[in-house]
Engineer: 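Encoded as structure tokens, here's the structure I'll be asking about.
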Amino acid sequence: MSSIQTGRGKRRRKFEDEVDSHSENEEEIVVEDHKPELTPDKLKEPKDTYIPQPQKQQEQPSRSKYIDEEDISSNDKRRKFDLLHQKDTSTTSRNHKRNDHNQWELEQYQKAQQIMNTTKITKDDLDKVNLPDNDKYEYVFDDSQYVNFNEIEEDDELKGDDQPQKPDLIEKERISIAEVRQSLPVYKFRSHFLEAMDKNQVLIVVGETGSGKTTQLPQYLYEAGYSQGDKNLIIGCTQPRRVAATSVATRVAQEMNVKLGKEVGYSVRFDDKSSKDTVIKYLTDGMLLREFLTDSKLLKYSVIMIDEAHERTLSTEILLSLLKDILTTRHDLKVIIASATINAEKFSNYFHQASILNIPGRRFPVKIHYTKNPEANYIQAAITTIFQIHLTQPLPGDILVFLTGQEEIESMEESLQESIIKLGSSLENHLQVLSIYSNLPIDLQKKIFEPTLPHTRKVILATNIAETSITIDGISYVIDPGYVKQNVYNPTQAMESLVVVPCSKASVDQRAGRAGRIGPGKCFRLFTKWSYYNELDANTTPEILRVNLSSVILLLLSLGINDLINFDFLDKPNSKHIIKSLELLYSLGCINSKGSLTKLGLKLSKFPLDPMLSKCLITSEKFNCVLEIITIISMLGESSTLFYRPKDKQEIASKKHASFDSPLGDHFSLLNVSQQWENSDFSNQWCQEYFVQYKTLRRVKNVRDQLIKLCQRNKINVNETISINPLYIQKSLISGYFPNIVKLSMMGDTYKKLKSSNVATPCYIHPSSSIFKIKPIPKLLLYHELVLTSKEYMRNCMIIDEKLIKEYGSHYYSPQELESLSKTKK
DNA sequence: GTCGCTGGA
């Protein structure tokens, strides 16, 4: 069986090892020829040698063990989708599915035969590229390996404007700001818009990319006098991301010819450029949410525009609910909800059939191509498609490929580089491979924005970061396998899991749009048209249904919303989730037995943290270790992106990282990192020496400084102490993290939650933990989070003493559970 | 003996 040199390939092997219990040398896989699997030859081989490869979903441990009942239907949906992608979904169902697969294969084989016989593969295009006839090039020029895309169909176009204006820099500079403003599509709707604003309290604006709504609508309102009057009211516009808020504000300040921070300003975490003169304020949605805490009716605003509402981020969603709530008493407040087409109806219904104003966008058309058949291996298909594009499409025009994660990106980059070397000088134009994901160090991220060299085409391998957060110029081709990695929280287990799921229609359309920014583009979808229309969900599951709610619930409670079960959410979270959060808040002492907020709860809600963390912070005052706890808290939030190990220096990096290890556990190791960085005077060089991400530590420092300020504001003493007894730190941590305690199982190989429940999930110490190798194996642990990846891993663990559990957990654990502690010890 | 998609306060 040939194998594909991808991260998936490697992981798949590992998976097979587990299941079939025979080992294979990983080295072998790397040197193997990476031919695509679905070739006619392969298909003709005896069945036994051609087994559909277990794919990503299969490597993910079966979710079904953990999901709530109501989630099962969506799991089934995924299974259906996977089957069409020649995928099996769960380890447990593997065997009894084998027969289905054989049947399925047979059908596919027959279909493939028909296609081979009837389809002319576009050899004409290839002839243009003059290459020596050599075996080496088989990889690209074997017709059978071509990915078959359906012909372009008109109805599958993402329609663009008929005559889009090509940005011509010199030309653009000559046009005055006023002319630019008037050239935006939104300009024609100015009076329509103002009229609608006059008549309605809530207005839904559907404005596609490039319409100019974000920069223009607040200005129109300002010009029409919405921010004037005796009360000095202002116009607020929220954005889901910091960069958007700051860059749009900068642009609008230019257009209005005022200094940023005066009439036009922005406000994002750690950075406030607004003043009492500010009349148009751009802010992140999370920021406006925090403003509710001090100004629960948002009295200083006359208009609030919620931009990019279709993204349905957690903060946006809560904002919408709160706005709906205050509109009943604030009749003078106007609300604009700007969304893409997809959700407009839903928002309109939510706000009592609010009017919808449509503003066309300005974008070039993008032609959509689908594969004729499901792709068995989308990585391979994507690579093949890259070369198809590179060899048949003229320059300029860069390629953007959407992948699910860092590992996938890295392995694909490797395979691509190898193929490029094989092809060598025979390629008429060079192919430059670049990648982008959030965890990539900044200097490497910047590379994708460097201009493309002559006779070169860029291929950018990206995660979802390129879907909305980062815009890359010069992209004409998008390759979209149609998958995304998603974080799903399971409240019953209090466990996160990262799963690869099919994208929604909204998401794949957004991705396609990335090809139409500089000119007409093409999008190659590595799935069938049928599955687009029949299998993909219309929208991505809103975040509110996928996250730990305790922080949100505490916020709502502190705003005086007590009946959470009947609260008017746009999409209501499962009542069980809400109750789980309420139970936790009760055990933390944030609410009383009647469910109303306590003094402590109010105190905790002042911090932008998970309630469990803010509880630790509050407790630490008693032990005079506030600063240490604040440092640990700030580090915990960023710990996943703290260390990095470059491929060529993995061993030395690991050694450096191990130098921070504390025998007490990861919380103390993190404290070490922070303290040593501080001793180096926050130096970047120190970070490089220790293979620590500077970017992350800067963020940690920002969070830390903010928490210190908040403590001072709330009269919490943050004095530095000379030396701290670790016991005090442990006590502070357990006061918030008592639910996250595990004990070693009888067999001594796994851990079990101390809180007994129906589902006793075995947990494992994450191998990156400083106590992973500690002997004797610690009996009791406190963990920061439980994440399901290849196993149920506890990330950031601390050794904890039985006495402390009895001291801080007696209200949470039953006498039997506490008694079992002593049994464990024997 | 692993590994994490993206945002936000």
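In the text below, chain A, chain B and the rest are named by the order of the sequence lines, each starting its count at 1. Source: prediction; values computed, not measured.
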Engineer: Is there a side-chain contact between S438(A) and the phosphate of dT6(B), meaning an N or O under 4.0 Å from OP1 or OP2?
Structural biologist: yes
Engineer: Remember a base hit wins even if backbone is also touched, and classify V268(A) as base, sugar-phosphate or nothing at under 4.0 Å, heavy atoms.
Structural biologist: sugar-phosphate
Engineer: Look at the side-chain N and O atoms of R242(A) and state whether any lies under 4.0 Å from the OP1 or OP2 oxygen of dA9(B).
Structural biologist: yes
Engineer: Counting only side-chain heavy atoms from C-beta out, which of dA9(B), dG4(B), dT2(B) sits nearest to Y793(A)?
Structural biologist: dT2(B)
Engineer: Of the nucleotides dG4(B), dC3(B), dG7(B), which one has an atom closest to the side chain of S640(A)?
Structural biologist: dG4(B)
Engineer: Please tell me which of the listed nucleotides, dA9(B), dC5(B), dT2(B), lies nearest to the side chain of R290(A)?
Structural biologist: dA9(B)
Engineer: Checking all strands, does S469(A) fall into the base, sugar-phosphate, or nothing category for heavy-atom contacts under 4.0 angstrom?
Structural biologist: sugar-phosphate
Engineer: Could you tell me whether the side chains of S550(A) and S581(A) share a donor-acceptor contact shorter than 3.5 Å?
Structural biologist: no
Engineer: For Y437(A), answer base if it contacts any base atom (sugar-phosphate contacts may also be present), sugar-phosphate if it contacts only those atoms, and nothing otherwise; contact means non-hydrogen atoms under 4.0 Å.
Structural biologist: sugar-phosphate
Engineer: Between the base of dG7(B) and the side chain of E543(A), is there a donor-acceptor distance below 3.5 Å?
Structural biologist: yes
Engineer: In terms of side-chain heavy atoms of R241(A), which of dG4(B), dT2(B), dG8(B) is nearest?
Structural biologist: dG8(B)
Engineer: Base, sugar-phosphate, or nothing for E785(A), non-hydrogen atoms under 4.0 angstrom?
Structural biologist: base
Engineer: Any side-chain N or O of T284(A) under 4.0 Å from OP1/OP2 of dA9(B)?
Structural biologist: yes
Engineer: V552(A): what forms a side-chain contact (heavy atoms from CB on, under 4.5 Å) with it, not counting sequence neighbours?
Structural biologist: L314(A), I318(A), L556(A)
Engineer: At under 4.0 Å between heavy atoms, what does R546(A) touch on the DNA or RNA strands: base, sugar-phosphate, or nothing?
Structural biologist: nothing
Engineer: I want to check one thing: is the phosphate of dG7(B), taken as OP1 and OP2, less than 4.0 Å away from some side-chain N or O of T468(A)?
Structural biologist: no
